[in-house]
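Reading through the structure tokens given below for one structure.
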Amino acid sequence: MEIKVDEISKIIRQQIEGFDRGTDQAEVGTIVSVGDGIARVYGLDKAMSGELLELPHGVMGMALNLRRRASARCTSARPI
């Protein structure tokens, strides 16, 4: 088996061109209160209704009630 430098270079160039340069942006909020399975979170200005949120300790929640410049209320699920 013969190693062909041109073929290897071509494959490497294709992989570099196809590399995803996108970034992962995260928005961090502050939990203000928790009770009855509802966490009141402040600082998630860009959260959308129905969006899945990651809370501390692996708990996931869904944004339900969004107020302008206020808070997102989310129901918390079991830790994952």
Side-chain angles (χ1 to χ4, degrees):
M1 180 175 188
E2 188 177 322
I3 298 175
K4 297 182 181 179
V5 177
D6 293 336
E7 289 181 20
I8 294 173
S9 297
K10 182 180 176 183
I11 292 170
I12 292 173
R13 282 192 183 101
Q14 288 174 347
Q15 290 180 349
I16 291 172
E17 288 173 2
F19 181 73
D20 182 19
R21 295 182 189 153
T23 59
D24 185 19
Q25 183 177 356
E27 187 174 2
V28 179
T30 304
I31 297 177
V32 178
S33 64
V34 177
D36 294 328
I38 297 175
R40 186 167 174 238
V41 183
Y42 178 79
L44 299 176
D45 297 331
K46 296 180 183 176
M48 299 179 71
S49 184
E51 184 174 354
L52 190 62
L53 305 172
E54 182 179 356
L55 302 170
H57 308 291
V59 175
M60 302 300 287
M62 183 181 294
L64 296 176
N65 183 13
L66 304 176
R67 297 183 195 167
R68 191 175 136 195
R69 292 186 174 187
S71 63
R73 293 181 186 254
C74 57
T75 58
S76 59
R78 291 183 175 189
I80 56 171

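Keep in mind it's a predicted model, so treat the numbers as computed, not measured. In this chain, residues are counted from 1 in sequence order.
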Set of side-chain contact (heavy atoms from CB on, under 4.5 Å) partners for I8, sequence neighbours left out: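 I8: side-chain contact (heavy atoms from CB on, under 4.5 Å) contacts with I3, I12.
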Can you confirm whether Q14 is buried at CD, in the sense that more than 12 heavy atoms of other residues, nucleotides or ligands lie under 6.0 Å from that atom?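 Yes, CD of Q14 has more than 12 neighbouring heavy atoms, counting only those of other groups under 6.0 Å.
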Minimum heavy-atom distance between G29 and L44, given as atom pair plus value: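 Minimum heavy-atom separation between G29 and L44: N-CD2, 3.6 Å.
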To the nearest 0.5 Å, how far apart are [atom1] in [X] and [atom2] in [Y]?
X: I16; Y: I11; atom1: CD1; atom2: CD1; value: 12.0 Å
X: E27; Y: E51; atom1: CD; atom2: CD; value: 8.0 Å
X: E17; Y: Q15; atom1: CD; atom2: CD; value: 11.0 Å
X: M62; Y: L53; atom1: CE; atom2: CG; value: 9.0 Å

Show your reasoning for whether side chain to side chain contact (heavy atoms under 4.5 Å, CB included) applies to M60 and L52. CA-CA 7 Å; M60 302 300 287; L52 190 62; 3.7 Å; yes
Heavy atoms, side chains only, cut-off 4.5 Å: are L64 and S49 in contact?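 No, side chains not in contact.
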